[in-house]
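Residue numbering restarts at 1 for every chain, and letters A, B, ... go by the order of the sequence lines.
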Amino acid sequence: MSDMPKTYEHQETESRLYNWWEKNGWFKPECRPDDAEAFVISIPPPNVTGALHMGHAMFVSLEDLMIRRARMQGKAALWVPGTDHAGIATQLQVEKMLIKNGTSRQEIGREEFLDATWEWKDKYGGAITKQMRGLGASADWSRERFTLDDGLSEAVREAFVRLYRMGLIYRGEYLVNWSPGLQTAVSDLEVETSEEKALLYFFNYPVKGGGSIPVATTRPETILGDTAVAVHLEDPRYSQYIGQTALVPMLNREIPIIADEYVDREFGTGALKITPAHDHNDFDIGKKHGLDMINIMNKDATINENGGQYAGLTREACRDKLWADMKAAGLTIREEDYMRQTPRSQRGGEIIEPLLSKQWFCNVKPAADMALEAVRTGRITIVPERFNKVWENWLTNIRPWCISRQLWWGHRIPVYYVNGTDEFVVAHSDEEAYEIARKQYGTAVTLEQDPDVLDTWFSSGLWPFSTLGWPHDTADLRRFYPTSVMETGYDILFFWVARMVMSGLLFTNDIPFHTIYLHGLVRDEKGRKMSKTLGNVTDPLDVVAEYGTDALRFTLLTSGTPGQDLNLSLDKVASNRNFGNKIWNMARFIITNIDKVNGADKPAAPVYSTADQWILHRLGETTENANRLFEAYLFGEAGRQINDFLWGDFADWYVETAKVQLNEGGATAWTTMSVLAHVLDQALRLLHPYIPYVTEETWQQLKAALTTADIGYEPAGGWPEALIIAEWPTAVEKYPEAVTDYERLQELVRAIRNARAEANVPPSKLITAVVTGEKADSIAAQQGALAFLARLEPSALTIAAQATPPETAVTLPLGDITAYLPLAGMVDVAQERERLTKELAETEGQIKRVSGLLNSPFAQKAPPAVVQKERDKLAQLEAARVEMAERLGSL
RNA sequence: GGGCGCUUAGCUCAGUUGGUUAGAGCACUUCGUUUACACCGAAGGGGUCGGGGGUUCGAGUCCCUCAGCGCCCACCA
C-alpha cells in the first residue's frame, strides 16, 4: 500500500522540487553534452521594480514550456533571465518615495538620486525574479542579467558609438513629443492618442489693412506662437489675402498669409493658422515656407516670455484667458463640441505637448530595411503569421527615433561637449573621450558629458546578444547566438522586437532569433483589460497559492491560440487543478496495484490484450499529434489533446479495463502493469513542459514504487534521475485492428449503460446479456471487461455468433453485433416496441441520408478512403435495421 | 482614413491540411460512495457555427459582401 495522500498537495511540492531541479544544475545548458544542439530564449526582461502580473505568468508559462521540451529533447536549453532598469517607471517610483520622505530628486541632486535608486533596486529588484521562480521558470539564473549592469552598459556604449560612426545618430532641434509632467522627450511609440471630448474654437484672424480670415483651432493658446495664416491657393473666399499680412490676436505681431495645398477647404473654416513650434503639421509647413518658429512654452508647459502678457500661465489657464480676451476684443466667432485625438503620455498620462527641443535621434531607416528583408525572405518567422503585415507596415513607414531622455536613471549618453561649446566627442569611456579630445583640442581641454540618458528600449534592443557577452567574442555568444525563439506579447512588437531585430542585424550581422512567437493579452473573464481602477486584476500569486502553479500554467497555455487575447476564468483554473489531482490518482491506482504482480509473472514476451493495444495505439497517436502541433507552435491544442487522452481514454477506459486484467494475475497482470506504467510515464513526459510540478512529483512516486517493487519493469532506456531531464517521447506503436475491436466494446458498453439508465436499473444490480452477431467473438475475447464495465453478471453471459434472443428483452442493434438485455419486470413489451420503432425510424433516416450521399457525385469525386468510410457506415446501419425489423416482428 | 482580430451550446473557449449528424470545461437534469480520484464516476438535455451570396461532390473551415464588438497604425486645424 502506498502512503500517497488522496489529494495532490501543490503547496508542499512546488518549492521543494524547484530547489532540487536547480541544485542539480538542470536549468543550465551544461546538463547536456557540449555538442548538443542549442535552444535559446532570452526572457523579455520585466521592469526591475515591477510586480508579477498575468502577462508575466503568460510568458513564463510559454517560454518554460518551450525550454523544458527542448531540454527533454536532449538539446542544450538555455533560458537567459534578467530584468530591465525601466528608466521612467523606476525613476517615478523612487521619486515618489523621496517625496514621501520629505525630499525630492531636485533637492538631493543627481549623484545622490542615483545612489538612492540603486539602493531601491537592490532592495526590491529581486522580487520579480523570485516570483518567476515560483512559476516554475527553469531559467539559468547563473546567467541572469540587468540592463544597467556593467556588461550591458558597455554594450550600450559600443552600440551608440558604432551608430554614431555609421552616421545614424545625430543631434538636432526638432519638434518632439514633450511630456510636461515627466519633463522629458518621449518617442512616438510612447504617445497614445485617444478620442476625447474637446472644443473647436472659431475666431477671426485680423488682416492688416482691413478684413479678416476665419480660422479654427483646438488649442487657442498656440495662437501666441502663430507665424503664418495659410489658405488654399484656389479658394475664392481667401485668395485675395495671399501675400498680405495678418495680426496675431492680442499680440498684434505681424505674420504672413500664405498659400498651401495642404489646407483642406472643406474642413473647419477652410483656413489654417500655422504654429510651427507647437504642431507637427505646422512644423512641416513652416519648414517648407521658411517660417519663424516661435516657442511659447517652458519645459513645464507654462507660457514663456514669447507669450507676452500671458507669460507664466499654465497652458490651460492661458487658453481660458486668451480666449476671454479675444472674446472681449470681438475676435471670436463660436465654440463647437469636438472629438479630438488627444495625445497622452503612455507613462504619466498627461497631455503630450509638441515642443521644439534639441535631442538625439537615431535614423533607423537602414536597419528597418534589413529587418523588413529578414521577415520577407523567411529568415525570421512570425507566429502567428498575420503579424507580418503589421511588421511590414510599421517598418516601412518608420521615422527617426528620439533616443534621448531628460532623466537620470538610465544609460548616460556617451557624448562629451568640449570646452563648454556645442562641439563634442563620442567615446566608449571618459578616458577615451579625453584621449580623443586632447588629440583634437590640446591638453587644456575640459569635457562635460551630455546630461541625458538613453531611452530604455535602446538597451533592451541589444538584449539577445548583450546578455551573452557582446561586444566581446565570448564562448556563450558563439554557442548560443543567434537565439531560437523570441516569445513576447504583441503589444511590444514595435517597442522591443523590431528594435532587437534591427540592432541584431546591424551589430552582429545576424538575426537575433529565427522565430518570433507573439502571445495575446490576458484579460478578465468578461474580456476587459485588467486594470487597478477597474478592480478586476487577478494576481497570479493568489491564483498560484489557491490552485497551484500547474493549474494556472495549464490554463494559460490551453485556453487560447497564438496572438489571441484570452479571457482568464478561475473556473477553468479550478478544473485544471482537478486535472493535476486526477493524474496524481492515476499513479496512486497503479502504485497500489503493484502487489498484484510479482517478478515471476514477467512473460518472455508480452502478449497484449485488445485494450492494451488500443491504449498503446492511442498513446502513439497522441504523441504524434502533440509533436506535430508543437512544431507548429500550437501549444494549446497539443495540451488539450494530451489532456483528453489521459483523462478520456486512459483514466476513463483503460484503467477501468485494467482492473479486470490485473485481477487475472500472472502474465496478464504483469503485462497490464507494464502498459499502465508505460502509458502514464510517457504521458507525464508529454505533459511535463505544461505542468512541471505535478508531473515530476507523480513520476517520482511511480518510479520509486516500480523500482522498489522489484517486478522487473523498466521503461525503454531505463529510469532517468528526473522527469525534467527524461527523454521526450517520439515512439509510436500502431494497432489499428485492436482499435476497431476496442471501440466496438466501448460502443456496446455505452449502449448497455444507456439502456440501464433508461430502464432505471440500479448500478448495484448485475444483469445478464446475450450478444450475437458476426463480430461476437471480438466481444467474447473482452468478456471480462464487458461484464465489469457494463455491470453484467459474468457467469450469466451468452456471447456467440448465433444465439437465441430472450423473449422479453431490450434489443441493442449495433450493426455487426446485437445485444439483448433481458429486463423482465423492468421493461414491458409495449415499451420496448415503442422504443425500437422510434430507433428504427431514426436508423432508416440515416440510411436514406448515407445512401443518398453514396449515390451522388460524392462517390466518384471524393477520395476512396472517405467513400469507404461511408460504405462501412451504411453496412452497419443496414445490419442494424434488419435486426430491428426482425425483433419488432417477433415481439 | 488604412489594417487586423473576434462573432460556434446558458458561460468561457477549441476545432491543426475543407471530408460529410460540430467538441471540451464550467453550469444544468437524473443516477451513483463498485477500495485511484466527490478536485470523482455513469447516463442525459442543450448549437440551422453573426446575416447574405459564391467556389466545391462536400464549407464552422476557402472567396466576396454586410452587420456588431474589439484592437493597432495614421499630422486634418
Side-chain angles (χ1 to χ4, degrees), chain A residues 2 4 6-8 193 200-201 215-219 222 230 262-264 266-275 279-285 338 340-341 354 384 386-387 389-390 393-394 397 490-491 493-494 520-521 525-527 547 551 558-561 563-569 571-572 574-593 625 628-629 632 634 636-638 640-641 643-644 648 651-652 655-656 659 750 753-758 760 762-764 788 791 845-846 849-850 853 856-863 865-867 869-870:
Chain A
S2 157
M4 284 171 78
K6 274 173 96 161
T7 307
Y8 168 70
T193 57
L200 189 54
Y201 299 81
V215 158
T217 181
T218 54
R219 296 183 295 150
T222 62
Y262 168 77
V263 180
D264 181 351
E266 310 299 317
F267 189 87
T269 65
L272 199 56
K273 66 187 238 10
I274 306 293
T275 322
D279 182 281
H280 290 280
N281 294 319
D282 295 2
F283 182 83
D284 293 341
I285 294 174
Y338 186 70
R340 177 183 168 226
Q341 293 293 328
R386 69 181 128 90
F387 283 98
K389 220 165 181 171
V390 183
N393 185 49
W394 190 72
N397 300 307
Y490 64 72
D491 54 328
L493 182 63
F494 307 142
L521 270 42
E525 57 258 89
K526 290 179 186 136
Y547 301 99
T558 58
S559 296
T561 47
Q564 200 63 43
D565 293 353
L566 83 82
N567 303 344
L568 183 72
S569 108
D571 278 351
K572 211 166 249 181
S575 76
N576 286 328
R577 183 265 325 261
N578 296 353
F579 179 46
N581 189 238
K582 185 79 182 176
I583 292 170
W584 178 252
N585 275 288
M586 294 175 202
R588 234 165 69 87
F589 168 78
I590 295 173
I591 290 165
T592 52
N593 277 283
N625 284 342
R628 197 189 68 241
L629 291 163
L634 296 169
E637 185 61 15
R640 285 187 290 269
Q641 288 203 19
N643 180 342
D644 287 349
D652 288 348
V655 168
E656 292 306 306
K659 287 174 182 172
R750 284 199 195 96
R753 284 171 175 173
N754 176 272
R756 292 179 59 122
E758 273 182 25
N760 291 317
S764 55
F788 181 73
R791 306 211 45 79
Q846 287 185 44
R849 186 181 59 78
V850 178
L853 183 64
S856 74
F858 167 81
Q860 280 77 48
K861 299 220 176 178
V866 176
V867 177
K869 217 170 112 193
E870 293 304 313

Considering Watson-Crick and G-U wobble pairs with both distances under 3.5 Å, what does B/A67 pair with?
B/U7

With a 3.5 angstrom cut-off on both distances, give the Watson-Crick or G-U wobble partner of B/G44, or none if there isn't one.
B/C28

Under 4.0 Å between a side-chain N or O of A/Arg753 and OP1 or OP2 of B/A43?
yes

Who does B/U34 pair with, Watson-Crick or G-U, both distances under 3.5 Å?
none

Between atom OG1 of A/Thr558 and atom CG of A/Asn576, what is the distance when rounded to the nearest 0.5 Å?
5.0 Å

Within-4.5 Å side-chain heavy-atom neighbours: A/Arg628 and A/Asn625
yes

With a 3.5 Å cut-off and no angle check, do the side chains of A/Arg640 and A/Asn643 form a donor-acceptor pair?
no

Which nucleotide, if any, forms a Watson-Crick or G-U wobble pair with B/G1, using both distances under 3.5 Å?
B/C73

Reckon A/Lys6 has a side-chain N or O less than 4.0 Å from the OP1 or OP2 of B/C37?
yes

B/G32 OP1/OP2 closer than 4.0 Å to side-chain N/O of A/Ser764
no

When you measure only distances, ignoring hydrogens and angles, does the side chain of A/Arg577 come within 3.5 Å of the base of B/C39 through a donor and an acceptor?
yes

Would you indicate, yes or no, if B/A36 has its OP1 or OP2 atom less than 4.0 angstrom from a side-chain nitrogen or oxygen of A/Lys659?
yes

Below 3.5 Å, does any donor atom in the side chain of A/Lys582 face an acceptor in the base of B/C37, or the other way round?
yes

Let me spell it out: for each of A/Lys869 and A/Thr558, pick the nucleotide of RNA chain B with the closest heavy atom. Which residue's pick is nearer the 5' end?
A/Thr558

Whole angstrom value for the distance that separates P of B/C37 from CG of A/Asn576:
22 Å

Between A/Asn393 and B/C72, does any side-chain N or O lie under 4.0 Å from OP1 or OP2?
no

Answer yes or no: does a side-chain N or O of A/Tyr490 lie under 4.0 Å from OP1 or OP2 of B/G5?
no

Using atom CG of A/Asn625 as one end and atom C1' of B/U17 as the other, report the distance to the nearest whole Å.
13 Å

Across all strands shown, which nucleotide pairs with B/G60 by Watson-Crick or G-U wobble geometry, both distances under 3.5 Å?
none

So, taking the atom named CH2 in A/Trp584 and the one named CE in A/Met4, what distance separates them when rounded to the nearest 0.5 Å?
3.5 Å

Between A/Lys273 and B/A77, is there a side-chain N or O to OP1/OP2 distance below 4.0 Å?
no

Rounded to whole angstrom, note down the C1' distance from B/G47 over to B/A38.
30 Å

Side chain of A/Thr561 only, heavy atoms from C-beta on: which candidate in B/A36, B/A14, B/G19 is closest?
B/A14

A/Asp264 has its side chain closest, among B/C72, B/G19, B/A77, to B/A77

In terms of the nearest nucleotide of RNA chain B, which residue is placed more toward the 5' end: A/Pro857 or A/Asn760?
A/Asn760

Regarding the side chain of A/Gln564, the nearest nucleotide among B/A43, B/C75, B/C6 is B/C6

Provide, to the nearest angstrom, the distance between the CG atom belonging to A/Asp279 and the C1' atom belonging to B/A77.
7 Å

Whether the side chain of A/Arg791 engages the backbone of A/Arg756 through a donor-acceptor N/O pair (distance < 3.5 Å, no angle test) should be reported.
no

Specify the separation, in whole Å, of atom NZ of A/Lys572 and atom C1' of B/C26.
9 Å

Only pairs with both distances under 3.5 Å count, Watson-Crick or wobble alike; so what is the partner of B/C49 in this structure?
none

